[in-house]
Q: 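Structure incoming, see below.
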Amino acid sequence: MVKILPLVSLVLIVLSAVCTIIGFSTYWYQVKYEDVTGSTVTRNFKYDKVKTTISFAGEKETDTSDYDDVDGEFSAQLKFYKAALAMDILAFVNLFFSACYMGMAAFKEITPANQTKLKNSLNGATIFLIIATFVVLGLPKASREDCEDYVRDSSLNYTGSQVDEICGGDINKKFIGSETDAVGTKISWGPTTAWIAIVIGLGISFFNNIFVYCGPVFKS
């Protein structure tokens, strides 16, 4: 006979795992530029790709580039995306083992040792999802570093104050926001599908931890 409480927990584990899969298969962050004519350039970022979408006069064109094709313009940010990916994958691995143990618990009694392994896997998944969530919050600082490196490597010999002026915008300070530059171009930025999925997965995993630790999941 199937046990209801372990089955409920198993469903929550699977939902968290789906969120991690979304995390390493879609884009984490988006920056959008919109000029006074309504034309837009949208850049989406993940650990191995930059997708650029240009919308002009009702036409839309999309190009996807590897980071090797953009001359190190995002080298500091790339470290954060790769770190988030690593945490995401580790969370998925822990959720996989959690699902295996909880699947057994849904149909039969499992030993205290396996209960401990299950709880440790759930704890590991939650911890890695927390790290993945907060790693991405460091992107504005990395964006500032990339901007400064790019400006200093240019042939225009900018002074320190000019570098601060060029790279001192809110986009290099805030995780989510928007601003309008001197020529009227609106710039908006923030997390997109993958990061949102990870936050949802974290919420589900955290709730499931409480459910497993506090509920009678393993009682007959």
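Fair warning: this is a prediction, and the values are worked out from it, not measured in the lab.
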Q: If the test is side chain to side chain donor-acceptor pair (under 3.5 Å), which one of N44, T42, T192 qualifies with Q30?
A: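 Looking at N44, T42, T192, the match for Q30 under the side chain to side chain donor-acceptor pair (under 3.5 Å) is N44.
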Q: Do E145 and D149 come close enough that some side-chain heavy atom pair is under 4.5 Å?
A: yes
Q: Taking it one step at a time, do F211 and L5 satisfy side-chain contact (heavy atoms from CB on, under 4.5 Å)?
A: CA-CA 9 Å; F211 180 66; L5 294 182; 3.7 Å; yes
Q: Using the rule given for side chain to side chain donor-acceptor pair (under 3.5 Å), can you reason through S143 versus N172, listing the C-alpha separation, both sets of side-chain angles and the distance that settles it, and then say yes or no?
A: CA-CA 6 Å; S143 177; N172 296 325; 2.5 Å; yes
Q: Do the non-hydrogen side-chain atoms of K51 and D63 ever get within less than 4.5 Å of each other?
A: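 With C-beta onward as the side chain, the pair stays apart.
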Q: Would you kindly confirm whether F107 and I13 end up in one hydrophobic cluster when ILVMFWY residues are joined by side chain heavy atoms under 4.5 Å apart?
A: yes
Q: Kindly write out the residues that satisfy salt bridge (charged side-chain N to carboxylate O under 4.0 Å, His left out) with D164, not counting sequence neighbours, or none if the list is empty.
A: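 R144.
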Q: I'd like to know if the side chain of D170 reaches the main chain of K173, judged simply by a donor and an acceptor atom lying under 3.5 Å from each other, with no hydrogens or angles considered.
A: no
Q: Working to the nearest 0.5 angstrom, can you tell me the gap between L10 CG and M104 CE?
A: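 One finds 11.5 Å between CG of L10 and CE of M104.
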Q: Quick one: pull up CG in N209 and CD1 in I204 and give me the separation to the nearest 0.5 Å.
A: 12.5 Å
Q: Hey, mind stepping through E109 and K3 against salt bridge (Lys or Arg N to Asp or Glu O under 4.0 Å) and telling me if it holds?
A: CA-CA 10 Å; E109 296 291 331; K3 300 176 182 178; 2.8 Å; yes
Q: When you compare the side chains of S9 and N208, does any donor N or O come within less than 3.5 Å of an acceptor on the partner?
A: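 There is such a pair (donor and acceptor under 3.5 Å, judged by atom type) between the side chains of S9 and N208.
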Q: Report yes or no: do I210 and V199 belong to one cluster of Ile/Leu/Val/Met/Phe/Trp/Tyr joined by side chain heavy-atom distances under 4.5 Å?
A: no
Q: Using 0.5 Å steps for rounding, measure from the CD1 atom of I187 to the OH atom of Y33.
A: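 I187 CD1 to Y33 OH: 5.5 Å, rounded to 0.5 Å.
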Q: Which heavy atom of S25 sits nearest a heavy atom of I21, and at what distance?
A: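 Here S25 and I21 meet closest at OG-O, 2.7 Å.
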Q: Could you grab the distance from atom CG of D88 to atom CD1 of I131, nearest 0.5 Å is fine?
A: 12.0 Å
Q: Counting the benzene-type ring for Trp, do Y27 and F45 have ring centres under 6.0 Å apart?
A: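 So the answer is no for these two rings.
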Q: Where is the tightest heavy-atom contact between A76 and A142, given as atom of each residue plus distance?
A: CB-O, 3.6 Å
Q: Is there side-chain contact between T126 and L202, with heavy atoms separated by less than 4.5 Å?
A: yes
Q: For K32, is the NZ atom crowded, meaning more than 12 foreign heavy atoms sit under 6.0 Å from it?
A: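 Counting other residues, nucleotides and ligands, NZ of K32 stays at 12 neighbours or fewer.
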Q: Classify the ring geometry between Y29 and F175 as parallel (under 30°), tilted (30 to 60°) or perpendicular (over 60°).
A: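 Taking F175 first and then Y29, their aromatic rings sit tilted (interplane angle of 30° to 60°).
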Q: Less than 3.5 Å apart, any donor N or O on the side chain of T185 or D35 sitting next to an acceptor on the other?
A: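 Absent: no donor and acceptor within the cut-off.
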Q: Please indicate whether K49 has more than 12 foreign heavy atoms, meaning atoms of other residues, nucleotides or ligands, lying under 6.0 Å from its NZ.
A: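 Enclosed: over 12 neighbouring heavy atoms sit under 6.0 Å from NZ of K49.
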Q: Under 3.5 Å, is there a donor-acceptor pair between the N123 and S121 side chains?
A: no
Q: Report yes if the side chains of N94 and L122 come closer than 4.5 Å at any heavy-atom pair, otherwise no.
A: no
Q: For residues V183 and I166: do they belong to one hydrophobic cluster (side chain heavy atoms under 4.5 Å, members Ile, Leu, Val, Met, Phe, Trp, Tyr)?
A: no
Q: With a 4.5 Å cut-off on side-chain heavy atoms, are C167 and V151 touching?
A: yes
Q: Which heavy atom in A83 sits nearest to a heavy atom in V135, and how many Å separate them?
A: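 In terms of heavy atoms, the two residues are closest at CB-CG1, 4.0 Å.
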Q: Of the non-hydrogen atoms in I198 and G23, which two are nearest, and what is the gap between them?
A: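 Closest pair (atom of I198, atom of G23, distance): CD1-CA, 4.2 Å.
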Q: Over all heavy atoms of both residues, which pair between L118 and S98 is shortest? Give the atoms and the distance, please.
A: CD1-O, 3.3 Å
Q: Over all heavy atoms of both residues, which pair between F218 and A105 is shortest? Give the atoms and the distance, please.
A: CE2-CB, 4.2 Å
Q: Begin with the C-alpha distance, continue with both residues' side-chain angles, and end with the deciding distance and a verdict on side-chain contact (heavy atoms from CB on, under 4.5 Å) for I130 and M87.
A: CA-CA 9 Å; I130 289 172; M87 295 302 102; over 6 Å; no
Q: Using a distance-only test with no angle check, is there a side-chain donor-acceptor pair under 3.5 angstrom linking S205 and S16?
A: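 No - no donor-acceptor pair under 3.5 Å links their side chains.
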Q: Considering residues, nucleotides and ligands other than F97, do more than 12 of their heavy atoms fall under 6.0 Å from its CZ?
A: no
Q: With hydrophobic residues grouped by side-chain heavy-atom distances under 4.5 Å, do V2 and V212 end up in a single group?
A: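 Result: yes, single cluster for both.
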Q: Is any side-chain heavy atom of S75 less than 4.5 Å from a side-chain heavy atom of D146?
A: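 A side-chain contact exists here, since the closest heavy-atom pair is under 4.5 Å.
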Q: Out of the candidates Y81, Y150, Y67, F80, only one should pair with F74 under the side chain to side chain contact (heavy atoms under 4.5 Å, CB included) rule; please name it.
A: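 Running side chain to side chain contact (heavy atoms under 4.5 Å, CB included) over Y81, Y150, Y67, F80 with F74 returns exactly one hit, Y67.
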Q: How long is the straight-line distance from CH2 of W189 back to CD of E179, given to the nearest 0.5 Å?
A: 4.0 Å
Q: Would you call D66 and D48 a side-chain contact if the rule is heavy atoms closer than 4.5 Å?
A: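 No; the side chains remain at least 4.5 Å from each other.
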Q: Identify whether I196 and F206 are in the same connected component of the hydrophobic contact network (ILVMFWY, side-chain heavy atoms under 4.5 Å).
A: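 Per the 4.5 Å side-chain linkage, I196 and F206 are not co-clustered.
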Q: Name the one of L137, T26, L139 that satisfies side chain to side chain contact (heavy atoms under 4.5 Å, CB included) with W195?
A: L137
Q: Calculate, to the nearest 0.5 Å, the distance between atoms OG1 and CD belonging to T180 and E34 respectively.
A: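 Rounded to the nearest 0.5 Å, the OG1-CD separation comes out at 9.5 Å.
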Q: Within the supplied structure, the quantity of interest is the number of heavy atoms (other residues, nucleotides, ligands) at a distance under 6.0 Å from E165 CD; does it exceed 12?
A: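 No, the 6.0 Å shell around CD holds no more than 12 heavy atoms from other groups.
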Q: With a 6.0 Å cut-off (strictly less than), is the heavy-atom count around OH of Y213, excluding the residue itself, greater than 12?
A: yes
Q: What's the verdict on salt bridge (Lys or Arg N to Asp or Glu O under 4.0 Å) for E148 and R152, showing C-alpha distance, side-chain angles and the deciding distance?
A: CA-CA 6 Å; E148 290 178 352; R152 289 192 176 110; 3.6 Å; yes
